[in-house]
2 protein chains.
Amino acid sequence: MRTPGMTLKELAEMLSLSPTTVSRALNGYPEVNAETRARIEAAAREHGYQPNTMARKLATGKAMAVGHVIPLGEHQMINPIFAEFMTGASEVYSKVGYETILTVVPEKGEEDAYRDLARRHSVDGVIVHAPRTGDPRIKLLTELGLPFVLHGRPVGDDGPSVCLDIKNARAFRQATQFLIDLGHRRIALLNGLEQISFALRRRAGYEQAMERGGIATDPSLSAHQEMTETNGYNTTMAWMQRAERPTAILTSSIISAIGVSRAVRDAGLELGHDVSLITHDDDLSFLRNEGDPPRFTTTFSSISAAGHRCAEMVLDLIAGKPVESEVWDCQLVEGRSTGPAPA
Amino acid sequence: MRTPGMTLKELAEMLSLSPTTVSRALNGYPEVNAETRARIEAAAREHGYQPNTMARKLATGKAMAVGHVIPLGEHQMINPIFAEFMTGASEVYSKVGYETILTVVPEKGEEDAYRDLARRHSVDGVIVHAPRTGDPRIKLLTELGLPFVLHGRPVGDDGPSVCLDIKNARAFRQATQFLIDLGHRRIALLNGLEQISFALRRRAGYEQAMERGGIATDPSLSAHQEMTETNGYNTTMAWMQRAERPTAILTSSIISAIGVSRAVRDAGLELGHDVSLITHDDDLSFLRNEGDPPRFTTTFSSISAAGHRCAEMVLDLIAGKPVESEVWDCQLVEGRSTGPAPA
DNA sequence: TTGAAAGCGCTAACAA
DNA sequence: TTGTTAGCGCTTTCAA
């Protein structure tokens, strides 16, 4: 049923050339006569010749694809951010003729997914999202010999790896400091799941600033949970109902910030007046409006840029080029209504 | 560098059998001696044998993959919904050993992306998202002979195709009717881009109900635009500032509804009191909380279920099984604060 | 019930 | 600069 699509051999026959020459011409090898190459290219274009990827993959032993394994379940709400990331990455792959392979697996099956990808040679490399404490993926991928790039710094010492990250600790230290300078003392932290590298570093930054400011951190004012709107709402609501409620909240995601914002309102309070909010902004442009809620933006703001860069890095890795880890800087952007602490 | 992974030939040699027999045993062909098969299976398991997908693909001519082509740009904000959809679909593919191939392309390159996928034999079938008026994809895919399933009904008559959709018109007719019955007259529609099938059908439903209710539809109360929060916010804000502002708003997406909700508040009005809101709910659970905003839910509510079903359908199509289009029913769920029209 | 042999369409040594 | 010859690892006739 499928349009057959011409083969290399057929094209070669039409040109009275050997498949080898045609292959070489089309793949840009230098040893082809310019005139011959022109002829071949013209014919290929004219007949809409497109090499069969499977054959090429088998012959070269390269999968011409990069894999992204996404665990379902607990972390599922990573989705909107993940989508932005994928957009950036996928663009890069397409540009060099690579394909993007997406594998969605139940939390438990994650390692098997990587094993399968490696053994079946389905991909030449992978991107690992949100490394965690004791993350088994790094060791596994190293063993499998599958090139990978981490989006986020690894937590412990799991051996050498290449990653792209932002200065999480610094960002949150700055943000906390900023609030302290405004006179806040009861500053709450609404963070992501504790075992995730991002969250760990952000907490560290928060705690450092608190310590420097001589403020004892109240553990009940730190929440580590999935960054959903509902979680943000519920946790904030509980905080708002305390006698000594926090006067400022720091969140790790614009998604939770939406929940915070709603909870504050529902508690009969006003954001930027009764409660200040600073959030790490993942630039989900479809979710936010200028100045609301007031937020903390990092240069990592465009998640799609991160996807873009991670993709480039993994391709370099695959090509055997040396690749350095990158840690991007941050930038504090003062929101409209982040005011001094209420008296 | 990569762990080599044993080949069929090697496995066969270890067993002193021919590759043919081993292949047959592993692929469940009936003509293999039970005892031999057991031996083969044991050995395969023991040595962790995993067939090389590329070789298999080349030999069988099947790509063992389904493609999803996502246009960038205008429709980019489809993202969060799309992510949910992909989750459902990907699960299905994985379960049967298929891979998910994602192609993100600039709006213009969409057709070429399909052509390339087909010619390079990268996929056995594709899912087409959000068919539009004069959508070139249907004809193209038919020509290419690439099996496809539409998520959303086609608009015109682009030839036979298989689709999965909800009863959009009926849903919006019902919702509008519901508002009319509550006494609303100035009902606004905040819809998706005009050329998208979903939006067209929803508008039709809205207009039918208005007509039946004997209410002239005010064109300035229908907005067709990308369903982003910002668009929802701005449009609603403009409406709220009119002398005769709408008393009810119907939106096509929970994303725009968030913008509506904020705009109403910022205009100093109260949702469910001054303005009623009903929205088609894509069940992006991370974005909403029970009862806020009041909403209209369809059984299509779980987008991931749609992804799941579309995937099954395309696999059946690929397998040559007959597949019927499906149109899922809807369900009106009354939200907490959708009250009668203000006097 | 098993095996031998011939590809799938391409790339890549090695020759010419 | 071009062509010849082998494969890549698997499936699949066709024989035994």
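Below, read A as the first sequence line, B as the second, and so on, with proteins coming before strands; counting in each chain starts at 1. Computed from heavy atoms alone, side chains included, the values below leave out hydrogens, waters and symmetry copies.
Counting to the nearest Å, the P atom of dT2(C) and the CG atom of Leu26(B) are 14 Å from each other. If you measure from atom CG of Leu58(B) to atom P of dA6(C), you get 18 Å, rounded to the nearest angstrom. Spacing between atom CG of Leu8(A) and atom P of dG3(D) amounts to 12 Å, rounded to whole angstrom units. Rounded to an integer number of Å, the gap from Met6(B) CE to dG9(D) C1' is 13 Å. Taking atom CZ on Arg24(B) and atom P on dA4(C), their separation rounds to 11 Å, with Å as the unit. In this entry the distance linking CZ of Arg119(B) with C1' of dG9(C) reads 16 Å, nearest Å. Whole-Å rounding puts the His121(A) NE2 to dC10(C) P distance at 21 Å. One can place NZ of Lys62(A) at 10 Å from P of dA12(C), the figure rounded to the nearest angstrom.
A side-chain donor from one of Thr21(A) and Ser18(A) sits under 3.5 Å from a side-chain acceptor of the other. Remark: the Arg56(B) side chain and the Asn27(B) side chain contain an N/O donor-acceptor pair separated by less than 3.5 Å. Side-chain atoms of Glu99(A) and Thr103(B) include no donor-acceptor pair closer than 3.5 Å.
OP1 or OP2 of dT11(D) has not a single side-chain nitrogen or oxygen of Tyr29(B) nearer than 4.0 Å. Close to dT2(D), at under 4.0 Å from its OP1 or OP2, lies a side-chain N or O of Thr36(A). Contact annotation: Ser18(B) side-chain N/O to dG3(C) OP1/OP2 distance is under 4.0 Å. Under 4.0 angstrom from either OP1 or OP2 of dG9(C) there lies no side-chain N or O belonging to Thr7(A).
Using modelled atom types, one side-chain atom of Asp165(B) and one backbone atom of Arg153(B) make a donor-acceptor pair closer than 3.5 Å. Glu41(A) places no side-chain N or O within 3.5 Å of a backbone atom of Ala38(A) that could act as its donor or acceptor partner. Side-chain atoms of Asp124(A) come within 3.5 Å of backbone N or O of Met64(A) as a donor-acceptor pair.
The Ala59(B) side chain lies nearest to dG7(C) when the options are dG7(C), dC10(C), dT1(C). The side chain of Asn27(A) has dT11(C) as its nearest neighbour among dT1(C), dT11(C), dC10(C). In the set dA13(C), dC8(C), dG9(C), dA13(C) carries the atom at the smallest distance from any side-chain atom of Thr20(A). Each of dT2(D), dT12(D), dT2(C) was ranked by its minimum atom distance to the side chain of Thr21(B); first place goes to dT2(C).
For the pair Leu17(B) and Ser23(A), both in contact range of DNA chain C, the more 5′-proximal nearest nucleotide belongs to Leu17(B).
Counting non-hydrogen atoms of neighbouring residues, nucleotides and ligands closer than 6.0 angstrom, the CD atom of Glu31(A) exceeds 12 such neighbours.
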If you apply the rule salt bridge (Lys or Arg N to Asp or Glu O under 4.0 Å), what do you find for Arg137(B) with Glu110(B), and how did you get there?
CA-CA 8 Å; Arg137(B) 296 174 292 178; Glu110(B) 224 181 347; 3.1 Å; yes
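The stretch residues 39-56 of chain B has no heavy atom under 4.0 angstrom from DNA chain C at all.
Under 3.5 Å, the side chain of Arg120(B) and the base of dG9(C) form no donor-acceptor pair of N or O atoms.
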